[in-house]
Amino acid sequence: MLFDKPDAEPDNIASVLVPVAVPGAYTYLVPPGEQVQPGTIVRVPLGTREVVGAVWDIEPDVAINPKKLKTITHIYKDARPLDANLRRFVDWVANWTLGAPGMVLRMVLRSEEALLPEAPVPGVRRIEGAEPDRMTSARQRVLATMEDGLAWTKSGLSHAAGVSGSVIDGLLHQGVLEVVSLPAALPTPPPDIDFARTNLNPAQRRAADQLIAAFDEGGSISLVDGVTGSGKTEVYFEAIAEAMRRGKQALILLPEIALTEQFLRRFEKRFGVYPAEWHSEITPKKRGRVWRGAASGDVRVVIGARSALFLPFVDLGLIIVDEEHDAAFKQDDRVPYSARDMAVVRGHISKFPVILASATPSVESRVNADLGRYRHLVLPERATGAAMPELHAIDMRHEGPERGHWIAPRLLEAIKGAYGDGAQTLLFLNRRGYAPLTLCRTCGHRFQCGHCSAWLVEHRFQKRLVCHHCGHFEKVPESCPSCGTVDSLVACGPGVERIAEEVCSKFPEARVLVLSSDLPGGPDRLRREMKIVEEGGADIVIGTQLVAKGHNFPKMRVVGVIDADLGLANGDPRAAEKTFQLLGQVTGRAGRVTGGGLGFLQTYSPDHPVISALLSSNMDDFYTAEIAARRAAGLPPFGRLAAVIVSGPDKVFADGYVRSLSRAAPRVQAVTILGPAEAALAMVRGRYRFRLLAIAPRQFDLQGYMQHWLDCGPKPTKGLRVQIDIDPQHFL
DNA sequence: AGCACGCCGACT
DNA sequence: GTCGGCGTGCTC
C-alpha cells in the first residue's frame with residue numbers, strides 16, 4: 001500500500017505513551033512549528049476523548065496508516081520533560097509487572113494541577129511617596145510593617161500589622177498601596193541541614209558514617225536493622241543531610257498508616273521544617289505543588305506513601321524505605337508493584353543509595369544482607385539507653401486462665417502492678433469484634449457468611465454478625481436460624497471487645513480503651529485516641545494490629561499478647577514471618593522510654609521458632625530458623641522465587657477459596673503477592689525452581705498462559721493477575 | 001418500543 | 001482506563 005502523506009515525515013511525528021492499557025506507544029503528528037523531545041508532556045486525542053501522555057523513546061512496533069494519525073493538541077511547555085532515568089524506570093516497572101507502560105506513566109502523571117504553572121498570588125505593595133488622606137493608628141501600623149518596601153499578601157499583612165482586612169482595602173482604594181503578583185508559595189521551605197545536630201551514640205554514629213560513605217559508591221543498598229527505639233530514624237536523617245549537602249533530593253517512603261504527625265515533628269526537630277508530604281489524602285492543590293517542586297528542585301525532601309516513588313524528581317539522590325517489611329508497600333490493584341523493590345530499582349537506575357530500615361526486616365532483605373548484596377547495619381541497643389523489654393512466655397496448657405476467661409493469672413498480676421504504679425498496659429489481640437465464632441448450643445449451627453464461607457464475627461457494640469472477609473453483616477438473631485431454639489447461641493473465643501469486658505470486670509476503676517479499626521468515628525477518632533494513650537489518658541489499652549504501627553507510647557510498661565499463636569497456622573507461607581514481625585513490633589512498644597518494660601506471650605506452643613526467637617530477644621534466631629524451615633519445605637531459595645500466583649476476577653472469592661482450600665488440605669499453602677514478568681518467564685524456561693502453592697479460583701493453565709505470553713508477547717488477560725513475590729535483585 | 005446492564009474490542 | 005456498540009432481558 002502506498003502512503004504518501006507529506007506531513008507525516010519522521011520529524012513531524014512523535015511516539016507518545018498514553019495512560020491506557022495498550023502494549024506500547026502511539027504515534028502522533030507534532031503540530032507545525034512545534035518541537036518535542038522524549039519526556040515532553042503532551043495532550044493528545046484518544047478515541048473520543050483527550051488524555052495527557054508523554055513523548056517516549058520507544059518506536060511504535062506497528063506501522064499504521066499515516067492518514068489515521070492525529071495531532072498533538074497541547075504541549076505542556078511549563079512542565080519539565082520527564083528525564084531519561086524516569087522513563088527507563090517507567091519501562092522497567094511496566095516490564096516487571098506485566099503491565100502496560102502507559103499505566104505506569106499514569107502513576108507519574110497523577111496530578112493534573114501540576115502541569116500548569118500555579119497562578120501567582122495577589123499581593124500588595126506600597127506605592128512610593130503616596131500618603132493616605134488621614135493617618136490613623138491602624139494605617140500607621142500597616143505602613144510601619146511595610147517599611148522594608150517588600151510586597152505582602154493581604155492576609156499576611158493584616159496579621160502582621162494586627163489590623164483587619166478593611167484597613168488594607170482602604171489604603172488600596174486611596175492609592176497608597178497597589179496590587180502586585182507574588183510568585184506562588186513553595187510547598188515547604190527547604191530543610192536546614194544544620195538546624196539541630198543530633199547526638200548519636202557510637203553505634204548510631206558508625207551506621208550513619210557508613211550510610212554517608214555509600215554516596216560515593218554510585219548506587220548501593222543498605223539495610224538498617226535496629227531494635228525498636230534504637231534510633232534508626234536519627235541515623236537515616238544523617239543520610240538525608242548528606243544528600244542535601246551534595247545538592248541532591250531525598251525521598252522517605254513510609255507505609256501509609258505511619259504518615260503520622262509524630263514523624264513529621266521528628267523531621268522538623270532535626271531540620272527545622274516539615275518535609276513535603278505526598279499521599280492519597282493530600283489536597284489536589286498541594287499535590288500539584290509538591291509534584292512541581294519535585295520536578296523543579298524547589299522541594300528537597302519528600303515524605304510519602306508508596307506512590308511518591310513515581311514523582312518526577314529532577315535530582316533524586318536518596319530513597320529511604322522505612323518499615324521496609326510492611327505489606328502496605330505492595331500495591332494490589334491496577335499496576336501491582338512493591339514500592340520497596342521498585343525503590344531499589346529506581347536507585348539502581350539512577351545510581352544513588354537506597355536505605356531499607358526496619359526493626360523486623362523481611363526475610364528476603366535479611367537474605368540479601370547475609371549474601372552481601374546489601375550492606376547490613378545493625379543497631380543492637382536502644383538509643384535512650386532503656387533496656388529492651390523482658391519477654392516471658394505464658395504456657396496456656398499449664399497456667400492458663402479459668403474457662404471463659406482469656407487473661408492468665410501471671411499477666412493479670414503484671415497488669416495490676418503496672419496499674420498500681422500509674423503505668424500503662426497494652427493487651428494485643430489481632431481480632432476485631434467480640435467473638436470470632438458463634439454457634440448454637442442446641443444443634444451446633446455455626447454462623448457462616450453466605451458469600452465467602454468465612455465465620456461471621458460477633459460485634460457486640462454494634463449488635464451485628466460481621467464477615468471480616470467481604471464486609472457482609474447481619475443482625476444477631478434472637479433464635480437459632482437452623483433449629484429455632486431461643487437463647488441458645490454461644491460465643492466462642494475472644495475478640496478485643498471480649499477482652500475489654502474481662503479487663504473491666506477485673507479492673508473496674510481503670511480507664512480502659514479499645515483501639516480497633518472498626519469502631520465508629522473513623523480515622524479521626526483513632527488519631528484522637530492514640531493521642532490520649534500517648535499522653536497517659538488511659539490505663540489499659542486493648543488493641544488490634546493498628547497499635548503495632550507508627551505510634552510510640554512512652555508510658556507503656558507492660559505488653560500482653562493474648563494469643564501469640566494466632567496467625568501461625570493460617571495457610572500462608574509467610575505466616576511465621578508475618579507473626580514474628582507483628583509480635584516484634586507490638587512487644588517493642590513496652591518500656592520504650594521508662595526503663596524495664598515487660599512483655600508476655602500467651603501461647604500453646606512456647607517452643608515454636610517464632611515464639612522462642614522472640615523470647616530470646618535474638619532476632620537472628622528467627623531468621624536462621626525461618627530460612628531453614630523454608631528450605632526444608634522445598635520452597636525455592638529467597639531472592640529466587642517465593643511463591644505464587646493468582647487472584648481471580650473477584651478477590652474476595654479468591655481469598656475465600658484459598659482459605660477453604662488450606663483448611664481442607666493443610667499442606668496446600670497459598671499467598672498472593674506481587675511479581676515480575678521475568679520471573680514468570682524464568683519459571684517457564686525452567687531457570688528457577690518454583691512450586692505452585694495456590695490454584696486459581698477457576699481451573700487455570702498457568703504454564704500454558706506463560707507459554708502464550710512468551711510466544712505472543714504480553715497480552716492482558718481478563719480476570720487474571722499473575723502475582724509472584726520475587727526480589728528484583730536478580731535482574732538488576 | 002425503550003432502556004438498563006454486561007461483555008467486548010478499539011483507542012495512534 | 002474509558003468509551004461506544006451491540007446483545008440480552010426486562011419494564012412502562
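To find a chain, count down the sequence lines: A is the first, B the second, and so on, and within it residues start at 1. Computation of the quantities below employed the complete heavy-atom set of this structure, encompassing side-chain atoms and omitting hydrogens, waters and symmetry-equivalent molecules. Model, not experiment: these values are computed from the prediction.
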Distance in angstrom units between A:Asn65 CG and B:dC11 P, rounded: 12 Å
Distance, rounded to the nearest Å, where A:Arg49 contributes CZ and B:dC11 contributes P: 13 Å
Rounded interatomic separation in angstrom, taking OH from A:Tyr28 and C1' from B:dT12: 5 Å
Whole-Å distance separating the OH atom of A:Tyr26 from the P atom of B:dC11: 7 Å
Between C1' of B:dC11 and CD of A:Glu50, the distance in whole Å: 14 Å
Stacked cation flag A:Arg306 on A:Phe329, 6.0 angstrom / 45 deg: no
Rounded distance [0.5 Å steps], CH2 in A:Trp278 versus CG in A:Leu309: 12.0 Å
Please write out the pairs of protein N or O atoms and N or O atoms of nucleotides 3-5 of chain B separated by less than 3.5 Å, giving the distance to one decimal.
none

Atom-pair distance (CG on A:Leu105; P on C:dG1), nearest Å: 14 Å
Salt-bridge contact A:Glu34-A:Lys77 (side-chain N to carboxylate O under 4.0 Å): yes
A:Ser362 and A:Glu324 side chains, donor-acceptor separation under 3.5 Å: yes
Nearest-Å distance for atom pair CG/P, residues A:Leu46 and C:dT2: 12 Å
Below 4.0 Å: OP1/OP2 of B:dC11 and any side-chain N or O of A:Lys68: yes
Cation-aromatic face contact A:Arg110/A:Trp291, 6.0 Å, 45 degrees: no
Atom-to-atom span, CD1 of A:Ile58 to C1' of B:dT12 - whole angstrom: 13 Å
Minimum-distance nucleotide to A:Arg106 side chain [options: C:dT2, C:dC3, B:dT12]: C:dT2
Per A:Thr48 side chain, nearest of listed nucleotides B:dT12, C:dG4, B:dC11: C:dG4
Side-chain donor-acceptor contact under 3.5 Å, A:Gln462 with A:Arg464: yes
Distance flag, aromatic centroids of A:Tyr337 and A:Phe310, threshold under 6.0 Å: yes
